Number of protein chains: 2
Amino acid sequence: MNTVRRKSKTRFAVLGLLSWQAMSGYQIKKMIEMGLSHFWAESYGQLYPTLEKLVQDGLATRSCGATGKRKKHVFSITEAGRACFLEWLAEPTDQPRMRNELQLKFFLAGDLPIEHGLSLLADYKTQQEDIAQTYAESERILSAALDHGEAVEDLDRVLGATSSQQMLFFLISLRHGILAVDARIDWCKESIGMLKRAQKKSRKRND
Amino acid sequence: MNTVRRKSKTRFAVLGLLSWQAMSGYQIKKMIEMGLSHFWAESYGQLYPTLEKLVQDGLATRSCGATGKRKKHVFSITEAGRACFLEWLAEPTDQPRMRNELQLKFFLAGDLPIEHGLSLLADYKTQQEDIAQTYAESERILSAALDHGEAVEDLDRVLGATSSQQMLFFLISLRHGILAVDARIDWCKESIGMLKRAQKKSRKRND
DNA sequence: TCAGACATGTAAGTCGTTACATGATTCA
DNA sequence: TGAATCATGTAACGACTTACATGTCTGA
């Protein structure tokens, strides 16, 4: 009967980026890919309609890029948009749809040969270690800057003046990713150990 | 032009449960809610059509519950179904859509009052600690059983004979959840500490 | 007798991705 | 001149949830 409203967070992600600076859809996409890819993604198919809707709702304005002949829409956040974004920020976060395929696999893996389990873990470990490395680089830069109270060049170029509170929140966000990824790597190591011990034991039995 | 094939894992989750024992849709749903809820969910709207499709594809068979007048469909996995499931198990797991709303919030939280950040963290911490507690109970039971080579009564009742390899895989799955949840709690503690220090510092400045 | 669990299913809608269509600008 | 990047959009589809519709059985 009633419209089934689900809550897409896309608009808030977009609004949050626009709160830094006015941008085109294309720039927003690029920024998400560069800075948020480990924990957020948007496709053009979501992005452009969302921007359209933001304008309709009075949360952003569209202005045609003044300079070029090239068609380029620059979106700016409005005061209403800023208020809406801030409201979301302070709201309790609803817990995400939990779906972890690898955990499911191991839960159901009763009949899987142990060596296949080991190979699954090895793949996952490599993948997570790659992520850990990119995180580590970001952390090195950010926490050095925070310690010395210096602005971060890379961030500064993108965001303009970056306050130390903003850097603190960046670091907290980053640390979420780092602790999560480290936990996954630890899990791999621990599980590989368990499976190898089980393998040895069953080999001994078969001698 | 071509059919856009996306890969739903629902069928494998169902097949995996059916590989333990024949069940009705309702029972499958209950089992997921009881045992997998921290990392997997299915709705009836997904479940029943998936079961239908499994039967059509020859991966499961439906038999009408013999006993009662109550309409009840019992699904059993076929050999083809078992093969299909095993194939998925051994396949490399494709990485999930990354979307973490809380991490996004902190990334974008530059203007958020620190006390709101603290309250976000406090909520999340409580929630994760609840999960940690249910995990801890499961772990206690499982690892005791593994150590003593004993069957686990609760599991045994559900699954019939539970092999020690199966219990090992259960434990590995469980440990994934535990390490993840512990990491999130650690992140909360660490972040709360950082924010409180920042708060103190800014208060001192304002004196 | 009546609440709560058992049990099956569908319709409508939301969310999100993929693939395509289109064209301008830059730079080697 | 031609490849890469900048740039905007949409159509079609797949995945999933919510809300509803319907009825049975059990036990207090």
Side-chain angles (χ1 to χ4, degrees), chain A residues 1-14 22-34 36-37 39-56 60 62-75 94-101 104, chain B residues 1-14 22-34 37 40-56 60 62-75 94-101 104:
Chain A
M1 190 146 295
N2 289 319
T3 40
V4 178
R5 278 205 191 295
R6 249 135 48 272
K7 34 252 148 147
S8 170
K9 313 301 179 183
T10 296
R11 50 169 47 214
F12 301 113
V14 170
M23 273 183 282
S24 69
Y26 187 84
Q27 279 176 285
I28 291 173
K29 181 67 156 58
K30 281 284 158 287
M31 195 161 278
I32 290 175
E33 277 167 10
M34 285 193 313
L36 292 75
S37 63
F39 57 93
W40 206 261
E42 295 292 349
S43 63
Y44 285 124
Q46 277 292 96
L47 199 48
Y48 283 111
T50 298
L51 283 166
E52 181 59 36
K53 211 155 178 308
L54 250 26
V55 172
Q56 274 170 30
R62 186 204 326 258
S63 70
C64 286
T67 9
K69 310 106 207 186
R70 187 194 277 180
K71 75 171 169 177
K72 179 174 176 175
H73 299 168
V74 176
F75 295 88
D94 41 88
Q95 89 268 35
R97 277 209 337 270
M98 289 292 195
R99 272 198 155 184
N100 187 306
E101 193 186 344
L104 177 68
Chain B
M1 190 144 295
N2 288 320
T3 41
V4 178
R5 281 210 186 294
R6 226 103 99 252
K7 40 261 150 133
S8 169
K9 314 300 178 182
T10 296
R11 50 169 47 214
F12 301 113
V14 171
M23 273 183 283
S24 69
Y26 187 83
Q27 278 177 284
I28 291 173
K29 181 70 157 57
K30 281 284 157 285
M31 195 160 277
I32 290 174
E33 277 168 10
M34 285 193 313
S37 63
W40 205 260
E42 295 291 349
S43 63
Y44 286 125
Q46 276 291 93
L47 198 49
Y48 283 112
T50 298
L51 283 166
E52 181 59 37
K53 212 157 176 308
L54 250 28
V55 171
Q56 274 169 28
R62 186 203 327 258
S63 71
C64 287
T67 11
K69 309 108 207 184
R70 186 193 279 179
K71 76 171 168 177
K72 181 175 176 175
H73 299 169
V74 177
F75 295 88
D94 41 87
Q95 89 267 33
R97 279 208 331 272
M98 288 291 195
R99 271 196 156 184
N100 187 307
E101 192 186 344
L104 177 69

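Just so you know, these numbers come straight off a predicted model, no measurement behind them. Just so it is clear: chains get the letters A, B, ... in the order the sequence lines come, proteins before strands, and each one is counted from 1.
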Of the listed nucleotides ([options]), which one gets closest to any side-chain atom of [X]?
{"X": "B:Gln46", "options": "C:dT17, D:dA15, C:dC6", "result": "D:dA15"}
{"X": "A:Arg62", "options": "C:dT10, D:dG9, C:dT17", "result": "D:dG9"}
{"X": "A:Tyr26", "options": "D:dG9, D:dT17, D:dC6", "result": "D:dC6"}
{"X": "A:Ser8", "options": "C:dC15, D:dT17, C:dT8", "result": "C:dC15"}
{"X": "B:Lys72", "options": "D:dT10, C:dT17, C:dT8", "result": "C:dT8"}

Nucleotide [N], atom [atom2] - distance to [atom1] of [X] in whole Å:
{"X": "A:Glu33", "N": "D:dC6", "atom1": "CD", "atom2": "P", "value": "10 Å"}
{"X": "A:Glu52", "N": "D:dA11", "atom1": "CD", "atom2": "P", "value": "13 Å"}
{"X": "B:Trp40", "N": "D:dT17", "atom1": "CH2", "atom2": "C1'", "value": "15 Å"}
{"X": "A:Ile28", "N": "D:dA7", "atom1": "CD1", "atom2": "C1'", "value": "13 Å"}
{"X": "A:Tyr44", "N": "D:dT5", "atom1": "OH", "atom2": "C1'", "value": "10 Å"}
{"X": "A:Leu47", "N": "C:dT17", "atom1": "CG", "atom2": "C1'", "value": "13 Å"}
{"X": "B:Lys29", "N": "C:dA7", "atom1": "NZ", "atom2": "C1'", "value": "13 Å"}
{"X": "A:Met31", "N": "D:dA7", "atom1": "CE", "atom2": "P", "value": "12 Å"}

So what does [X] touch, heavy atoms closer than 4.0 Å: a base, only the sugar-phosphate, or nothing?
{"X": "A:Gly25", "answer": "sugar-phosphate"}
{"X": "A:Arg99", "answer": "sugar-phosphate"}
{"X": "B:Ser43", "answer": "base"}
{"X": "A:Lys9", "answer": "nothing"}

Flag side-chain contact, heavy atom, 4.5 Å: [X] against [Y]:
{"X": "B:Leu51", "Y": "B:Arg62", "result": "no"}
{"X": "B:Val14", "Y": "B:Gln46", "result": "no"}
{"X": "B:His73", "Y": "B:Ser63", "result": "no"}

Quiz item: Do any side-chain nitrogens or oxygens of A:Thr10 fall under 4.0 Å of OP1 or OP2 in C:dG16?
Solution: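 Result: yes.
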Quiz item: In terms of side-chain geometry, is the basic nitrogen of A:Glu42 or B:Arg99 positioned less than 4.0 Å from the acidic oxygen of its partner?
Solution: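 Looking at B:Arg99 together with A:Glu42, the answer is yes, because their closest N to O distance falls below 4.0 Å.
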Exercise. Name the residue closer to the 5' end of DNA chain C, choosing between B:Arg97 and B:Gly45 according to the nucleotide with the nearest heavy atom.
Key: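 With B:Arg97 and B:Gly45 compared, the 5'-side residue is B:Gly45.
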Quiz item: How about B:Lys30: does its NZ atom have over 12 heavy atoms from other parts shown lying under 6.0 Å from it?
Solution: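 Yes, enclosed.
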